[in-house]
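Heavy atoms only: backbone and side chains are in, while hydrogens, waters and symmetry mates are out. In what follows, chains carry the letters A, B, and so on, assigned in the order in which the sequence lines appear, proteins first and then strands, with residues in each chain numbered from 1. None of the values given here were measured: they were computed from a predicted structure.
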2 protein chains.
Amino acid sequence: MQEGTFMKPRHGHISESCRPISEILSLIGDKWTSLIIGRLRGEPLRFNELKRRVDGISQKVLTASLRALVRDGFVERIEYPTVPPSVEYRLTPFGHELAEPLSVLQQFALDNAGRMEAARAAYDARTGGEKPDRQKTQPIQPAAVP
Amino acid sequence: MQEGTFMKPRHGHISESCRPISEILSLIGDKWTSLIIGRLRGEPLRFNELKRRVDGISQKVLTASLRALVRDGFVERIEYPTVPPSVEYRLTPFGHELAEPLSVLQQFALDNAGRMEAARAAYDARTGGEKPDRQKTQPIQPAAVP
DNA sequence: CTGAATCCAGTCCGATACTG
DNA sequence: CAGTATCGGACTGGATTCAG
């Protein structure tokens with residue numbers, strides 16, 4: 001119990017100033033959390049349904065991410081005591097408030113993908129074909145809209 | 001040459017869909033990049049001046065982050081061939097476009113820090129004092145506004 | 001001053017196996 | 001169905017040292 005249990009440290013010690021910015025940023029900056037929030041906009045989902053929609057996420061990471069979101073008050077976890085266990089996750093009003101500016105950023109990314117790619121190509125050409133070792137970032141799913 | 005050279009992979013392989021969202025998100029979600037963008041709003045800065053203002057960042061990470069930002073077209077690097085080398089970094093128009101929605105998110109974080117903390121306290125109380133091992137996120141500097 | 005290169009601890013997260 | 005436990009590889013980023 002010291003690794004996949006809660007996650008989201010990411011930002012270590014800095015000066016003495018703000019703190020909440022680093023929390024939000026590390027929240028949306030991790031690999032999956034912002035996608036989870038995107039999928040949860042519009043409708044509550046059960047664990048495995050959510051797992052299917054995010055597609056590619058491991059249950060370990062989904063569990064940990066959801067717990068962090070629940071702890072921070074962005075997601076509500078509702079457990080139905082049915083015979084096969086059933087748990088529903090939904091965005092809280094607070095979570096929807098976060099989802100809104102977040103989707104703006106996602107939309108910006110979608111709208112400007114071409115510009116970024118062009119800038120990178122130009123940069124790589126300028127630096128003389130010496131490709132850096134930055135690994136190509138792999139695809140991800142669109143914002144939400146299921 | 002395979003580590004501090006270019007950074008920003010973070011998001012590995014996922015399905016076959018979007019990709020740009022993960023790029024932007026991993027870009028701003030890392031420990032320092034969004035702070036750098038925030039400091040660069042309003043005025044261009046030289047390397048060490050920027051390093052001083054971000055305060056706590058190592059030159060290795062600052063160098064790598066700046067290079068990634070330049071490559072993606074968000075920051076322009078201007079080298080003055082003076083006797084002590086002088087390099088200026090400034091946001092491009094594209095960079096300012098990114099900075100805007102980003103600052104909205106930062107403002108959201110500032111405005112809702114209390115709510116997040118309260119939610120966490122409530123959660124920790126509910127789960128019976130069994131504190132999770134999530135490390136307390138440390139402070140960071142405010143948005144920008146120099 | 002502006003970086004590049006190396007060393008290295010701490011994290012993230014994917015795969016797999018097991019439980020109520 | 002909804003998790004928990006563990007192993008292991010990959011990546012982040014801090015400190016330090018060296019160079020143009």
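- Side-chain contact between A/Val70 and A/Val75 is present, with at least one heavy-atom pair separated by less than 4.5 Å.
- Side-chain proximity of A/Lys60 to D/dA2, D/dC7, C/dG3: nearest is D/dC7.
- Following rounding to the nearest Å, A/Leu62 (CG) and D/dT4 (P) show an atom-to-atom distance of 11 Å.
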- Can you check salt bridge (charged side-chain N to carboxylate O under 4.0 Å, His left out) on B/Glu49 and B/Arg52, steps first, answer last? CA-CA 5 Å; B/Glu49 180 60 21; B/Arg52 267 187 295 280; 3.1 Å; yes
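- Separating the NZ atom of A/Lys51 from the C1' atom of D/dC1 is a distance of 12 Å, rounded to the nearest angstrom.
- Note on B/Arg67: a side-chain N or O is less than 4.0 Å away from OP1 or OP2 of C/dA4.
- Of the candidate nucleotides D/dC1, D/dG14, C/dT2, C/dT2 has the atom lying nearest to any side-chain atom of B/Arg46.
- Counting heavy atoms of neighbouring residues, nucleotides and ligands inside a 6.0 Å radius, atom CD of A/Glu97 exceeds 12 of them.
- Separating the CD1 atom of A/Ile57 from the C1' atom of D/dG3 is a distance of 14 Å, rounded to the nearest angstrom.
- As a whole-Å value, the separation of A/Leu50 CG from D/dA2 P is 10 Å.
- The 5' end of DNA chain C is approached more closely, in terms of each residue's nearest nucleotide, by B/Asn48 than by the other of A/Ser58 and B/Asn48.
- Computed from coordinates, the B/Trp32 CH2 to D/dT12 C1' distance equals 12 Å when rounded to whole Å.
- Rounding to the nearest 0.5 angstrom, the gap separating the CG atom in B/Leu45 from the CG atom in B/Leu91 is 10.0 Å.
- Note: CD (B/Gln59) to C1' (C/dA4) measures 10 Å, nearest angstrom.
- When each of A/Asp111, A/Val104, A/Asn112 is paired with A/Phe108, the side-chain contact (heavy atoms from CB on, under 4.5 Å) condition holds for A/Asn112 and for no other.
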- Just do the side-chain contact (heavy atoms from CB on, under 4.5 Å) check on B/Arg39 and B/Tyr89 with the steps written out, would you? CA-CA 11 Å; B/Arg39 292 304 168 293; B/Tyr89 292 93; over 6 Å; no
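- The phosphate of C/dG14 (OP1 or OP2) has a side-chain N or O of A/Lys31 nearer than 4.0 angstrom.
- Residue B/Asp30 contributes atom CG, which lies 14 Å from atom C1' of D/dG14 at whole-angstrom precision.
- Residues from residues 77-89 of chain A lying near DNA chain C, meaning a heavy-atom separation below 4.0 Å, are A/Pro85 in numerical order.
- Side-chain atoms of A/Thr92 come within 3.5 Å of backbone N or O of A/Gly73 as a donor-acceptor pair.
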